[in-house]
Amino acid sequence: MSYLELSGLQKRYRDSVAVDDVSLSVEQGEAVALLGPSGCGKTTTLRMLAGLVDPDRGAIRLDGAEITRLPAHKRNMGYVFQSYALFPHLSVARNVGFGLEERGVGKPEIARQVEEALALVRLAGLDQRRPRELSGGQQQRVALARSLVIRPSVLLLDESLSNLDAKLRDTMRHEIRSIQRSLGITTLFVTHDQVEALTMCDRIAVMDRGRIAQIGSAEDIYERPATRFVASFVGRSNVLPATRDAEGRAVLWGETLPVAVPASGEFDLFVRPQRMRILPVSEPVSPGMARVHGRVLRSVFVGDHVEVLIEGVGGQLTVEMQSGSAAPAEGTEVAVAWPLSDTLPFAREAA
Ligand SMILES: Nc1ncnc2c1ncn2[C@@H]1O[C@H](COP(=O)(O)OP(=O)(O)OP(=O)(O)O)[C@@H](O)[C@H]1O
Ligand SMILES: [Mg+2]
């Protein structure tokens with residue numbers, strides 16, 4: 001049995017299902033991201049873990065003991081809310097020490113642990129400030145220190161970096177990850193930011209309408225998406241409508257591609273733009289490659305790469321080229337090639 005086990009968790013609100021049968025096993029010291037679009041049930045899942053929302057069904061086990069109905073204050077979980085929820089009238093030190101005060105820890109011991117926690121999040125010396133005298137990123141770190149100081153069995157972070165600018169967010173990602181690793185804290189990290197999920201966690205659980213659509217490493221999720229939803233939500237893909245020939249092979253833009261396709265019904269081929277290459281029409285490709293033909297519509301320089309839009313008989317697709325490599329001129333007839341193994345067929349969803 002894993003350190004933290006969620007089994008068959010469900011939560012309904014009136015007629016809508018916020019969380020529908022979520023099961024998840026988290027090992028001690030592991031960081032798992034809950035990734036998914038707005039409204040898919042991430043916060044509700046976290047709140048059930050923290051003891052702030054009662055599940056209608058299912059069970060939560062921590063270190064072998066069932067805690068499904070245990071009150072929040074007995075769970076020893078650190079919860080960093082999206083809004084930080086600092087006490088505005090208390091100093092940074094009192095904010096951070098709050099959980100220890102509640103637990104009846106003595107003053108000198110609180111002072112010592114608060115200092116240690118503030119050093120950990122690199123806020124030493126700011127202990128007498130009020131939250132309003134801090135930047136967003138500093139407030140963020142106070143909230144983190146406050147949840148770390150109680151030495152939680154599990155750390156729950158809900159969109160904790162969403163209010164920071166891109167640069168600070170990046171720094172905080174690395175800081176939180178290294179704190180999490182060095183203390184070995186079991187962590188559930190809610191985000192709808194893919195980069196955050198990919199960089200901060202050991203495993204990612206992608207949620208879709210109250211359920212876990214796929215759980216795995218960043219590479220699993222990105223390279224081997226289990227469902228059309230996961231393929232669409234994580235990373236970018238060309239979604240290419242294809243048909244089936246008499247032998248059941250995929251036909252795309254008039255070319256036959258030997259990839260396994262759904263036995264019946266309409267389907268699309270998903271191909272990541274950065275897996276595609278632009279070649280001269282006459283250049284041959286090896287047997288493991290797919291190839292179609294088209295004409296360059298336009299090229300857009302986007303900083304670290306160039307996006308080339310190609311139009312063919314079956315529609316349009318985008319190829320991502322490294323900047324520095326010369327993009328072909330508009331109107332050029334070209335071939336586009338990519339590994340067959342990077343071609344993912346998914347049945348088209350009913351509208
Ligand atoms: N207290 C509540 N009463 C009624 N419906 C709720 C309540 N809390 C959440 N919901 C609904 O449950 C669903 C899941 O909400 P939840 O907050 O878990 O989503 P989320 O994945 O955290 O989304 P976001 O990324 O926007 O924060 C949503 O449809 C939401 O409207
Ligand atoms: Mg939420």
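For ligands, and for the atoms within them, numbers begin at 1 and follow the listed sequence. Please read these numbers as outputs of a predicted model, since none were measured by experiment.
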(request) Could you find the nearest protein heavy atom to atom 3 (N) of ligand 1 and give me its residue, atom name and distance? (result) Tyr13 CD2, 3.4 Å
(message) Whether Arg272 engages the ring of Tyr222 as a cation-pi pair (distance to the six-membered ring centre under 6.0 angstrom, angle to the ring normal within 45°) should be assessed.
(response) yes
(message) Less than 4.5 Å apart, side chain to side chain, heavy atoms only: is that true for Leu188 and Met77?
(response) no
(request) Could you state whether Met200 and Leu183 fall into the same hydrophobic cluster, counting links through intermediate Ile, Leu, Val, Met, Phe, Trp or Tyr residues with side-chain heavy atoms under 4.5 angstrom apart? (result) yes
(request) Could you tell me whether atom 30 (C) of ligand 1 has a protein heavy atom closer than 4.0 Å? (result) no
(request) Number the atoms of ligand 1 from 1 as they appear, then name those within less than 4.0 Å of a heavy atom of Ala18, with their elements. (result) 12 (O), 13 (C), 14 (C)
(message) Would the distance check show the side chain of Thr44 and the main-chain N or O of Gly41 forming a donor-acceptor pair, the cut-off being under 3.5 Å?
(response) no
(message) Give me the nearest non-hydrogen protein atom to atom 28 (C) of ligand 1 as residue plus atom name, then the distance to 0.1 Å.
(response) Gly39 O, 3.8 Å
(message) Less than 6.0 angstrom from the centroid, inside 45 degrees of the normal: does Arg244 satisfy that with respect to the ring of Phe267?
(response) no
(request) Check whether any side-chain heavy atom of Leu118 lies under 4.5 Å from a side-chain heavy atom of Val92, and answer yes or no. (result) yes
(message) Could you tell me if Gln138 and Arg141 have a donor-acceptor pair between their side chains, going purely by distance under 3.5 Å?
(response) no
(request) Could you tell me whether Ser38 and ligand 1 have an N or O pair separated by under 3.5 Å? (result) yes
(message) I'd like to know whether Glu159 forms a side chain to side chain donor-acceptor pair (under 3.5 Å) with His192, so could you lay out the CA-CA distance, the side-chain angles of the two residues, the decisive distance to 0.1 Å, and finally the verdict.
(response) CA-CA 8 Å; Glu159 305 270 3; His192 54 236; 3.2 Å; yes
(request) Quick one: look up the protein heavy atom nearest atom 16 (P) of ligand 1 and list residue, atom name and how far away it is. (result) Thr44 OG1, 3.5 Å
(request) Using a 4.0 Å heavy-atom threshold (strictly under), name the region of His192 that reaches ligand 1: side chain, backbone, both or neither. (result) side chain
(request) For Glu159, counting its heavy atoms only, list the atoms of ligand 1 lying under 4.0 Å from any of them. (result) 25 (O)
(message) Tell me whether Gly36 has any N or O atom under 3.5 angstrom from an N or O of ligand 1.
(response) no
(request) May I ask whether atom 5 (N) of ligand 1 is less than 4.0 Å from at least one protein heavy atom? (result) yes
(message) When you compare ligand 1 with Thr45, is there at least one nitrogen or oxygen pair between them that comes in under 3.5 angstrom?
(response) no
(message) Under a 4.0 angstrom heavy-atom cut-off, which atoms of ligand 1 come close to Thr43?
(response) 17 (O), 18 (O), 20 (P), 22 (O), 27 (O)
(request) Ignoring hydrogens and angles, state whether a donor on the side chain of Ser7 or Glu5 is under 3.5 Å from an acceptor on the partner side chain. (result) no
(message) Taking 2.8 Å as the cut-off, does Thr43 contribute an N, O or S atom near the Mg ion (ligand 2), distance below it?
(response) yes
